[in-house]
Amino acid sequence: PAFGAPTARTFALATAYRCSDPTKPCLLTITLQAQSSISLAGASNNEGVIVTGPTAAGGTGTTVATFKNNLGGTLVVGLNLTSQQANTYTVALSAGHYLAIRQTAGTGLQVLSVYEQILGA
């Protein structure tokens, strides 16, 4: 099938989205980022999932990608480590279906970018 030109979209966490033309399938290229840290105060880890499904119900459906940025280990006095990680996922979304990005652990998951290409354009 013909692919449309990439178009930038803006997605927020815990919100259901469809292709901009819901009568056609699309490819979505999604970049997620989070920073995790470990210090004497403890660890801050971030995890999330991308889910797709036939309804817009709060991120229910099939998990098609998993993001994890976790630090662990033994602490030494004065130690403070951080890790910033960004991963890019390409998701094929069926016509009329929904996609949601959900944070499943932590509080620092960010959606850096989303690009859509309509199929059959």
Side-chain angles (χ1 to χ4, degrees):
F3 286 84
T7 304
R9 304 263 318 256
T10 301
F11 282 17
L13 296 177
T15 304
Y17 296 94
R18 296 197 306 183
C19 301
S20 57
D21 180 347
T23 66
K24 296 182 179 178
C26 65
L27 286 180
L28 295 164
T29 303
I30 303 165
T31 301
L32 303 178
Q33 174 180 283
Q35 180 171 319
S36 293
S37 63
I38 188 169
S39 68
L40 293 175
S44 167
N45 295 315
N46 291 286
E47 298 179 10
V49 294
I50 299 173
V51 297
T52 63
T55 68
T60 60
T62 302
T63 297
V64 294
T66 302
F67 177 93
K68 289 188 177 197
N69 187 6
N70 295 331
L71 290 173
T74 304
L75 292 177
V76 177
V77 174
L79 180 65
N80 187 13
L81 299 172
T82 60
S83 168
Q84 184 164 317
Q85 178 178 327
N87 291 353
T88 301
Y89 306 92
T90 301
V91 177
L93 190 59
S94 301
H97 279 220
Y98 293 84
L99 175 140
I101 303 164
R102 296 180 38 234
Q103 176 128 15
T104 56
T107 60
L109 186 63
Q110 299 173 337
V111 181
L112 287 186
S113 65
V114 176
Y115 290 92
E116 173 189 66
Q117 289 182 273
I118 299 290
L119 277 73

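- With Gln117 contributing its side chain and Gly4 its backbone, the two residues share a donor-acceptor pair below 3.5 Å.
- For Tyr89, the side-chain hydrogen bond (donor to acceptor under 3.5 Å, both in side chains) partners are Asn87, not counting sequence neighbours.
- Residues satisfying the ring pair (Phe, Tyr, Trp, His ring centres under 6.0 Å) criterion with Phe11, sequence neighbours excluded, are Tyr17.
- In this structure, Pro25 and Cys19 approach most closely via the heavy-atom pair C-SG, 3.9 Å.
- No chain of hydrophobic side-chain contacts below 4.5 Å, direct or via other Ile, Leu, Val, Met, Phe, Trp or Tyr residues, connects Tyr98 to Ile101.
- The distance from atom CZ of Arg102 to atom CG of Leu109, rounded to the nearest 0.5 Å, is 11.5 Å.
- The side-chain hydrogen bond (donor to acceptor under 3.5 Å, both in side chains) check on Thr66 picks up nothing, with sequence neighbours excluded.
- Taking Gln103 as the reference, Asn46 meet the side-chain hydrogen bond (donor to acceptor under 3.5 Å, both in side chains) condition, with sequence neighbours excluded.
- Glu47 is linked by a salt bridge (Lys or Arg N to Asp or Glu O under 4.0 Å) to nothing, counting only residues two or more places apart in sequence or in another chain.
- Although no hydrogens or angles enter the test, the distance criterion places no donor-acceptor pair under 3.5 Å between the side chain of Glu116 and the main chain of Arg9.
- When the side-chain hydrogen bond (donor to acceptor under 3.5 Å, both in side chains) test is applied to Thr107, no partner is found at least two apart in sequence or on another chain.
- Distance check, rounded to the nearest 0.5 Å: CD1 of Ile50 to OG1 of Thr62 gives 13.0 Å.
- Separation of atoms CG (Leu28) and OG1 (Thr90) is listed at 9.0 Å; rounding is to 0.5 Å.
- The side-chain heavy atoms of Lys24 and Ile118, taken from C-beta on, include a pair separated by under 4.5 Å.
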- request: List the steps, then state whether side-chain hydrogen bond (donor to acceptor under 3.5 Å, both in side chains) holds for Thr88 with Thr31.
  value: CA-CA 4 Å; Thr88 301; Thr31 301; 2.9 Å; yes
